[in-house]
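Just so you know, these numbers use all the heavy atoms, side chains as well, and skip hydrogens, waters and symmetry mates.
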Amino acid sequence: MSIQHTILGFLSWQPLTGYDLKKRIAASETLYWSGNSNQIYRALLALHEQGLVTREVEQQADAPPRKIYAINEAGLAELRRWLLAEPELPQLRNTLHVRLAWAQPLTDGELAALLAAYEDELSVRARMLRERRKRQAWAPRRSARETLIWDALESNRIAYYEQELAWARDLRQAIAAGQAADAGAAGAEEST
């Protein structure tokens with residue numbers, strides 16, 4: 001998947017400037033690009049050169065001209081082709097999971113602190129997403145189906161963070177229980 005297809009999706013909703021696209025991509029948890037200007041403007045330029053979008057320059061009295069991009073028929077056909085392509089499985093990459101796989105050198109306290117910090121981050125992110133959902137952040141809502149899909153995407157993202165939080169808590173508790181069992185076993189060996 002490329003940022004170009006995401007931009008085509010936004011432009012199928014409504015014409016937008018590069019700045020508008022940057023704000024919407026940066027505000028989304030589902031759209032995982034950084035939304036930096038270089039990335040977006042390069043993609044818009046490429047889409048324009050490929051004949052998939054049109055560009056209208058709007059003069060402004062007190063500001064530089066605005067370039068407003070709109071999808072055209074060729075762009076809609078490309079978006080449709082991409083939408084109908086075989087779905088890709090998600091790429092589950094979690095740096096903390098890799099770190100945990102090699103955490104043997106950490107002390108029990110260091111490992112517990114690492115997991116607790118991760119839990120805090122996950123908790124904050126889940127709260128932030130729930131709050132954003134309450135405020136009904138922007139999303140195209142052209143139909144009941146589209147509203148349902150965008151709401152389901154938000155729910156899925158929240159559920160992911162909540163599930164990961166529960167997993168991290170369970171792991172930390174299991175490690176702590178294992179330490180207690182190890183200490184009990186060591187004490188039993190000493191008394192014999």
Side-chain angles (χ1 to χ4, degrees), residues 1-60 63-98 121-122 125-165 167:
M1 177 168 62
S2 73
I3 193 170
Q4 290 184 5
H5 291 108
T6 294
I7 290 172
L8 287 174
F10 273 113
L11 297 178
S12 74
W13 173 33
Q14 65 185 144
L16 296 165
T17 66
Y19 179 72
D20 293 332
L21 285 163
K22 178 184 180 331
K23 288 191 313 188
R24 292 196 170 127
I25 291 171
S28 174
E29 195 70 26
T30 302
L31 309 173
Y32 53 82
W33 292 278
S34 65
N36 72 52
S37 295
N38 289 339
Q39 195 178 32
I40 291 168
Y41 288 110
R42 275 196 311 268
L44 283 169
L45 180 62
L47 289 168
H48 187 256
E49 288 173 353
Q50 294 167 28
L52 301 175
V53 300
T54 61
R55 179 177 61 204
E56 180 182 321
V57 178
E58 182 181 277
Q59 299 299 325
Q60 301 183 94
R66 288 174 13 123
K67 293 177 184 169
I68 303 169
Y69 294 86
I71 196 166
N72 59 24
E73 289 302 317
L76 286 170
E78 173 56 22
L79 179 62
R80 184 172 172 71
R81 183 204 61 75
W82 174 70
L83 290 170
L84 292 171
E86 188 155 336
E88 300 170 19
L89 289 175
Q91 294 182 8
L92 301 176
R93 295 181 182 169
N94 186 316
T95 304
L96 183 81
H97 292 184
V98 175
E121 290 293 322
L122 291 167
R125 182 59 59 100
R127 273 196 316 269
M128 180 192 75
L129 290 174
R130 284 191 298 272
E131 183 59 34
R132 184 187 313 167
R133 187 172 186 196
K134 281 183 199 174
R135 288 185 273 135
Q136 296 280 323
W138 67 268
R141 298 186 182 283
R142 295 171 286 193
S143 68
R145 184 179 71 175
E146 188 171 55
T147 299
L148 173 75
I149 290 170
W150 278 81
D151 288 347
L153 291 169
E154 286 293 317
S155 294
N156 181 269
R157 186 64 63 176
I158 292 167
Y160 168 78
Y161 284 113
E162 289 173 343
Q163 186 277 327
E164 186 73 2
L165 176 60
W167 173 83

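In this structure, the side chains of Pro140 and Arg24 stay at 4.5 Å or more apart for every pair of heavy atoms. Using a 4.5 Å heavy-atom threshold, the side chains of Leu16 and Leu11 count as touching. Glu164 has its side chain within reach of His97: a pair of non-hydrogen atoms, C-beta onward, lies under 4.5 Å apart. For the pair Ile68/Gln14, no side-chain contact is recorded, criterion being any heavy-atom separation below 4.5 Å from C-beta on. Using a 4.5 Å cut-off on side-chain heavy atoms (C-beta onward), Val53 and Leu8 make contact. Between Leu129 and Arg132 the shortest side-chain heavy-atom distance falls below 4.5 Å. Two residues are said to be in side-chain contact when any heavy atoms from C-beta on lie closer than 4.5 Å; Leu165 and Tyr161 fail this criterion.
Nearest heavy atoms, Ala43 versus Ile3: CB-CG2, 3.8 Å. Nearest heavy-atom pair, Tyr41 versus Tyr19, reported as atom, atom and distance to 0.1 Å: OH-N, 3.2 Å. Heavy-atom minimum distance, Gln59 versus Pro65: OE1-CG, 3.6 Å. The two residues Leu76 and Ser12 have their closest heavy-atom pair at CD2-CB, 4.1 Å.
Contacts classified as side chain to side chain donor-acceptor pair (under 3.5 Å) and involving residues 65-76 (residues at least two apart or in different chains) are given here: Glu58-Arg66. Residue pairs satisfying the salt bridge (Lys or Arg N to Asp or Glu O under 4.0 Å) criterion with at least one member in residues 75-86, sequence neighbours excluded, are listed as follows: Glu78-Arg81.
Here the CD1 atom belonging to Ile7 is positioned 11.0 Å from the NE2 atom belonging to His5, to the nearest 0.5 angstrom. The structure places CZ of Arg127 at 13.0 Å from CD1 of Ile158, a figure rounded to the nearest 0.5 Å. Taken from CZ in Phe10 to OG1 in Thr6, the straight-line distance is 7.0 Å, to the nearest 0.5 Å. The line from CD1 of Ile149 to CZ of Arg141 is 11.5 Å long, rounded to the nearest 0.5 Å. Going from atom CG of Leu47 over to atom CD of Gln4 covers 4.5 Å, rounded to the nearest 0.5 Å.
Residues passing the side-chain contact (heavy atoms from CB on, under 4.5 Å) test with Ala70 are Pro15, Thr54, sequence neighbours excluded. When the salt bridge (Lys or Arg N to Asp or Glu O under 4.0 Å) test is applied to Arg93, no partner is found at least two apart in sequence or on another chain. Under the side chain to side chain donor-acceptor pair (under 3.5 Å) criterion, Thr17 pairs with Asp20, sequence neighbours left out. The ring-ring contact (aromatic ring centres under 6.0 Å, His included) test applied to His48 returns no partner, not counting sequence neighbours.
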